[in-house]
Amino acid sequence: MTLISLSNVRKSYGPHEVIRDVSTSVAKGEVLCLIGPSGSGKSTLLRCINGLEDYQGGEILVHGARVDRNDRNGIRGIRTRVSMVFQRFNLFPHRTALENVAEGPIYVKGEPRAEALERSRDLLARVGLADKIDAHPAQLSGGQQQRVAIARALGMKPDAILFDEPTSALDPELVGEVLGVMRSLADEGMTMVVVTHEMGFARDVADRVIFLDGGVLLEDGPPQEVLVRPQNPRTQDFLRRILPS
Amino acid sequence: MLNFIEQSELYLPVLLQGVYLTVLVTLGGFVLSTVLGLVLAFMRVSGIRSLSAISRVFVIVVRGIPALVTLFYIYFVFPDLGLSLSAVQAAILGLGIAYSPYMAEVFRSGIEAIDRGQSEAALSIGMGWGMVMRRVILPQAIKVALPPYGSTMVMLLKDSSLASTITVADLSLQGKLLASSTFENTTIFTLVALLYLAMSLPLTAFNGWLEKSLRQPR
Ligand SMILES: Nc1ncnc2c1ncn2[C@@H]1O[C@H](COP(=O)(O)OP(=O)(O)O)[C@@H](O)[C@H]1O
Ligand SMILES: [Mg+2]
């Protein structure tokens with residue numbers, strides 16, 4: 001079943017076209033990794049999916065509903081079903097880990113407070129932070145903050161989670177703990193779209209990998225094909241640079 | 001010195017009547033300029049172009065006119081337009097309007113100091129604009145805005161003396177009248193200065209306390 005579909009999506013900033021005619025789709029339970037050089041439009045494409053950016057051409061559908069930033073209720077509905085994890089965590093610094101996770105369930109979804117807090121505690125335990133529920137973000141390491149952010153995304157009971165380079169802002173020794181949580185989500189069947197430079201993760205976890213270059217989608221296929229036997233010379237070039245040989 | 005204390009006992013009661021009006025005008029001005037400032041700041045950051053433009057123009061125009069002239073305008077011109085206000089009402093309205101651009105800028109800079117990632121994270125869990133402001137941006141922005149808000153309040157307290165020019169018998173006017181009838185300039189104006197200072201100190205202390213109590217546990 002197709003959860004997210006993009007057809008002929010175009011997006012420009014002023015005269016500068018950053019997404020050029022991109023079409024792809026994400027099925028329920030699928031893990032899609034989005035790779036490509038810096039500035040190729042990966043973040044922009046991801047942010048179009050939950051309406052943090054608008055797009056000028058083509059169509060993005062989530063559950064068959066068109067993503068349209070000007071349709072206020074529609075876009076809020078889509079965002080409650082498609083969560084996002086950011087490169088720089090973007091936790092709410094004035095709230096504890098627990099409050100960060102429970103914020104959406106209580107104030108957006110109107111879940112009963114006690115129930116939402118209970119569930120948020122469980123989610124924090126699931127990402128290995130049972131002992132940090134009362135900590136503020138500033139008291140947590142980058143890896144811990146990103147795990148809270150993942151728990152916050154899960155708190156919305158989303159159908160899919162978008163990750164924008166979730167480990168790029170982390171010290172190298174903290175990358176593993178975040179990737180570990182993401183692997184276990186994938187194992188449990190969560191639908192994920194992941195922008196990443198972690199080729200190991202893409203190879204092991206992704207069902208499909210797409211390669212974006214200059215806003216153009218150049219490859220779309222299983223990791224063995226895209227990462228091991230890329231067809232396009234630009235992909236070959238990119239992988240040669242990023243992969244230790 | 002002994003002389004100063006004896007004279008003070010004589011003049012203080014009269015000056016304190018002025019203090020009452022100064023406090024009244026100042027408090028009224030605070031409330032009005034804060035409310036107007038918040039509205040202007042929200043309009044400015046609303047993302048709705050027409051509201052943002054109105055706010056911007058209002059700020060430029062009102063800030064470009066001396067508060068004194070705004071007071072004159074309200075007290076002397078408004079009656080011709082059919083709106084007659086008492087001197088105290090006119091002073092409160094005038095100061096509230098004259099100070100609203102400064103308040104707006106204080107609040108706006110506080111709001112804009114908050115990282116974009118905060119509103120994006122809030123939007124991404126399905127919050128609408130109002131809830132993003134209320135639950136995410138404002139609680140953080142208030143910490144940024146508080147120090148400049150505090151200094152603006154002290155400036156407003158001092159500028160409340162402009163009310164004397166439209167016949168409000170505030171502390172400055174009482175002082176002036178008393179001095180011109182007794183010729184005790186030194187004693188009286190020293191007292192007036194000390195009384196203004198005494199009113200500004202609690203404001204400063206209150207702000208310091210607020211800032212401290214809002215600080216995050218780190
Ligand atoms: N807010 C913006 N305004 C103008 N140009 C932007 C903006 N955001 C991104 N861009 C441009 O769009 C292109 C794609 O950016 P981005 O999606 O962030 O790339 P990536 O995530 O792949 O590094 C880049 O050329 C970037 O400079
Ligand atoms: Mg990016």
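The chains referred to below are lettered A, B, ... by the order of the sequence lines, with proteins before strands, and numbering in each begins at 1.
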Relative to chain B, which segment of Phe92(A) carries a heavy atom at a distance below 4.5 Å: side chain, backbone, both, or neither?
both
With a 4.5 angstrom heavy-atom cut-off, is it the side chain or the backbone of Arg81(A) that approaches chain B, or both, or neither?
neither
Partner chain B: residue of Thr80(A), Val85(A), Leu162(A), Val108(A) with the largest heavy-atom pair count (under 4.5 Å)
Val108(A)
Is it the case that atom CZ in Arg88(A) sees more than 12 heavy atoms from other parts of the structure closer than 6.0 Å?
no
With a sphere of 6.0 Å drawn around CZ of Arg72(A), does it hold more than 12 non-hydrogen atoms of other residues, nucleotides or ligands?
no
Between Phe89(A) and chain B, which part of the residue has a heavy atom less than 4.5 Å away: side chain, backbone, both or neither?
neither
Within the supplied structure, the quantity of interest is the number of heavy atoms (other residues, nucleotides, ligands) at a distance under 6.0 Å from Tyr20(B) OH; does it exceed 12?
no
Heavy atom to heavy atom, less than 4.5 Å: which residues from residues 118-131 of chain B reach chain A?
Gln118(B), Glu120(B), Ala121(B), Ala122(B), Leu123(B), Ser124(B), Ile125(B), Gly126(B), Met127(B), Gly128(B), Met131(B)
Tell me, for Leu91(A) versus chain B, whether the close heavy atoms (under 4.5 Å) come from the side chain, the backbone, both or neither.
backbone
Quick one: of Gln87(A), Lys109(A), Arg152(A), Glu103(A), who has the most non-hydrogen atom pairs under 4.5 Å with chain B?
Glu103(A)
Nearest-0.5 Å distance, NE2 of residue His94(A) to CD1 of residue Ile114(B)
9.0 Å
Select one option (side chain, backbone, both, neither) describing which atoms of Arg135(B) are under 4.5 Å from chain A's heavy atoms.
both
So does Tyr102(B) have more than 12 non-hydrogen atoms from other groups sitting under 6.0 Å from OH?
no
Flag if over 12 foreign heavy atoms under 6.0 Å of CD1, Ile142(B)
no
